[in-house]
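In what follows, every chain begins at residue 1, and chains take the letters A, B, ... in the order their sequences are listed. All figures in this text were calculated on a predicted structure; none of them were measured in a lab.
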There are 2 protein chains.
Amino acid sequence: MAKIQSGKNVTKKETIIQKAAYLFKTKGYSATSMRELANTLGVEAPSLYNYIGSKSELIQAICSKVMSEFTINLDAIENNSETAISKLEAIVRFHIQKMLNNFDEVFVANHEWKHLKEPLLSTFLNQRRSYEKRLMILIENGVEKNEVRPINPYVAVLTILSAVRGLEFWYGHKKNVTQLELENEMVNHLLNGIIK
Amino acid sequence: MAKIQSGKNVTKKETIIQKAAYLFKTKGYSATSMRELANTLGVEAPSLYNYIGSKSELIQAICSKVMSEFTINLDAIENNSETAISKLEAIVRFHIQKMLNNFDEVFVANHEWKHLKEPLLSTFLNQRRSYEKRLMILIENGVEKNEVRPINPYVAVLTILSAVRGLEFWYGHKKNVTQLELENEMVNHLLNGIIK
DNA sequence: CCTACCGATCGGTAGG
DNA sequence: CCTACCGATCGGTAGG
């Protein structure tokens with residue numbers, strides 16, 4: 001009779017979610033079976049249902065956790081930083097750090113959200129749209145205060161978020177660049193461009 | 001007895017692949033069943049197998065088509081453009097155009113390649129790495145010729161490709177910006193930055 | 001192009 | 001935490 005291992009301060013449910021994030025990232029949500037998840041944890045599939053309600057609940061937990069972490073960070077940055085550029089820089093750095101430190105979960109939230117069931121799918125998309133909207137306002141403020149060139153705020157937000165998200169290709173790469181250098185390079189590129 | 005509709009110059013197999021690209025984009029490869037694909041085309045599932053060999057063949061066709069189109073374009077740009085910056089600009093514009101004009105296929109190649117079977121998975125990943133490598137060399141040349149600030153070529157390639165790929169969020173959006181304006185904004189952002 | 005059907009696998013439940 | 005098992009659905013084949 002095997003048992004699900006879980007460290008201190010981590011419930012078995014959280015352990016299951018963690019493993020699920022890894023598998024969803026690697027194989028995709030639909031291609032990951034509950035049997036495979038169970039075997040990875042060293043138990044039989046039905047045993048999982050003592051801790052969780054359904055497969056769908058797993059991706060739901062992952063997506064809403066990631067979303068709330070980004071939102072909470074944005075709350076803090078909006079209040080603490082001074083210039084629009086310094087706020088943008090702080091946001092880019094947070095995205096990079098989150099991407100590298102919580103890779104599986106962020107990846108799954110980015111790629112597999114479409115498998116959320118209503119009404120959670122709508123909630124997720126609304127939160128994401130609201131997050132983008134707040135970034136747009138931040139850029140608009142920068143333009144007004146003459147810190148930022150007169151650009152289309154939506155295109156700029158899209159460009160920045162997408163570039164940062166692209167670190168999923170970086171992850172696992174041979175690193176002749178430290179995380180700090182990576183942050184600096186990317187912040188620099190997105191804010192200053194590359195033309196000499 | 002229904003029939004698969006296909007226009008002139010388009011085989012039924014191509015029609016099937018097109019619809020498959022739409023469904024794979026919308027629901028993901030694993031969550032798309034051959035029955036659903038068949039019904040979308042107005043036939044029963046077994047009828048598809050008169051034109052294709054397997055479900056796997058569909059995603060294979062999509063991914064390899066997209067990959068070869070990008071490679072062919074890069075061949076042309078490497079030979080025709082002059083400065084490193086003008087080459088980069090042409091590449092960014094091509095990516096944007098491809099993304100907007102062949103959205104389903106490009107999206108699927110970007111998101112669902114992991115469901116390719118070996119040895120095609122390896123082939124795909126090798127081609128992608130080779131494409132990135134060529135872009136890195138292009139940037140390195142730009143640095144040498146003093147056109148481009150001394151940046152890490154890989155981070156720059158990652159930033160540019162990821163930003164452009166993020167147009168998948170743009171697609172279908174209400175467009176108070178034309179495609180040309182979008183191209184110009186994004187090229188400008190990625191090459192010149194946003195700081196005034 | 002269809003009907004009929006295959007073995008495999010899915011998410012999940014019953015009951016202990 | 002397990003065994004035993006459910007109905008549903010999967011990709012694909014046989015045969016016409």
inquiry  = Any side-chain to backbone donor/acceptor pair from Glu14(A) onto Thr11(A)? Under 3.5 Å, distance only.
reply    =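 Flag set: sc Glu14(A) to bb Thr11(A) pair under 3.5 Å.
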
In whole angstrom, give the distance that lies between atom [atom1] of [X] and atom [atom2] of [N].
{"X": "Tyr49(A)", "N": "dA14(C)", "atom1": "OH", "atom2": "P", "result": "13 Å"}
{"X": "Ile16(A)", "N": "dG11(C)", "atom1": "CD1", "atom2": "C1'", "result": "15 Å"}
{"X": "Glu36(A)", "N": "dC10(C)", "atom1": "CD", "atom2": "P", "result": "8 Å"}
{"X": "Lys27(B)", "N": "dT9(D)", "atom1": "NZ", "atom2": "C1'", "result": "12 Å"}
{"X": "Leu48(A)", "N": "dA14(C)", "atom1": "CG", "atom2": "P", "result": "17 Å"}
{"X": "Met34(A)", "N": "dC2(D)", "atom1": "CE", "atom2": "P", "result": "14 Å"}
{"X": "Lys55(B)", "N": "dT9(C)", "atom1": "NZ", "atom2": "C1'", "result": "13 Å"}
{"X": "Glu44(A)", "N": "dT13(C)", "atom1": "CD", "atom2": "P", "result": "17 Å"}

ask   = Under 6.0 Å between ring centres, would you say that holds for His95(A) and Phe70(A)?
value =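 Here the rings of Phe70(A) and His95(A) have centres that are less than 6.0 Å from each other.
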
ask   = Out of dT13(C), dC1(D), dC1(C), which has the shortest distance to the side chain of Pro46(A)?
value =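 Side chain of Pro46(A) sits closest to dT13(C).
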
query = Looking across every strand, which nucleic acid part, if any, lies under 4.0 Å from Ser56(A) by heavy atom: base, sugar-phosphate, or nothing?
reply =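 Here Ser56(A) touches no strand at all.
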
message = Within the 4.0 Å heavy-atom criterion, would you say Ser33(B) contacts the bases, only the backbone, or no part of the nucleic acid?
response =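 Sugar-phosphate: the residue Ser33(B), judged by heavy atoms under 4.0 Å, touches backbone atoms but no base.
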
key: DNA chain D: 5'-proximal contact among Arg35(B) and Ile4(A) (nearest heavy atom)   =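 It is Ile4(A), whose closest nucleotide lies nearer the 5' terminus.
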
inquiry  = Looking at Arg134(A) and Asp75(A), is there a salt bridge between them, counting it only when a charged N and a carboxylate O are closer than 4.0 Å?
reply    =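 Looking at Asp75(A) and Arg134(A), the cut-off is met.
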
ask   = Is any NZ, NE, NH1 or NH2 atom of the basic residue among Lys27(B) and Glu36(B) found under 4.0 Å from an Asp or Glu carboxylate oxygen of the other?
value =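 Glu36(B) and Lys27(B): salt-bridged.
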
Base partner of dA4(C), which must satisfy Watson-Crick or wobble distances under 3.5 Å =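 dA4(C) is paired with dT13(D).
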
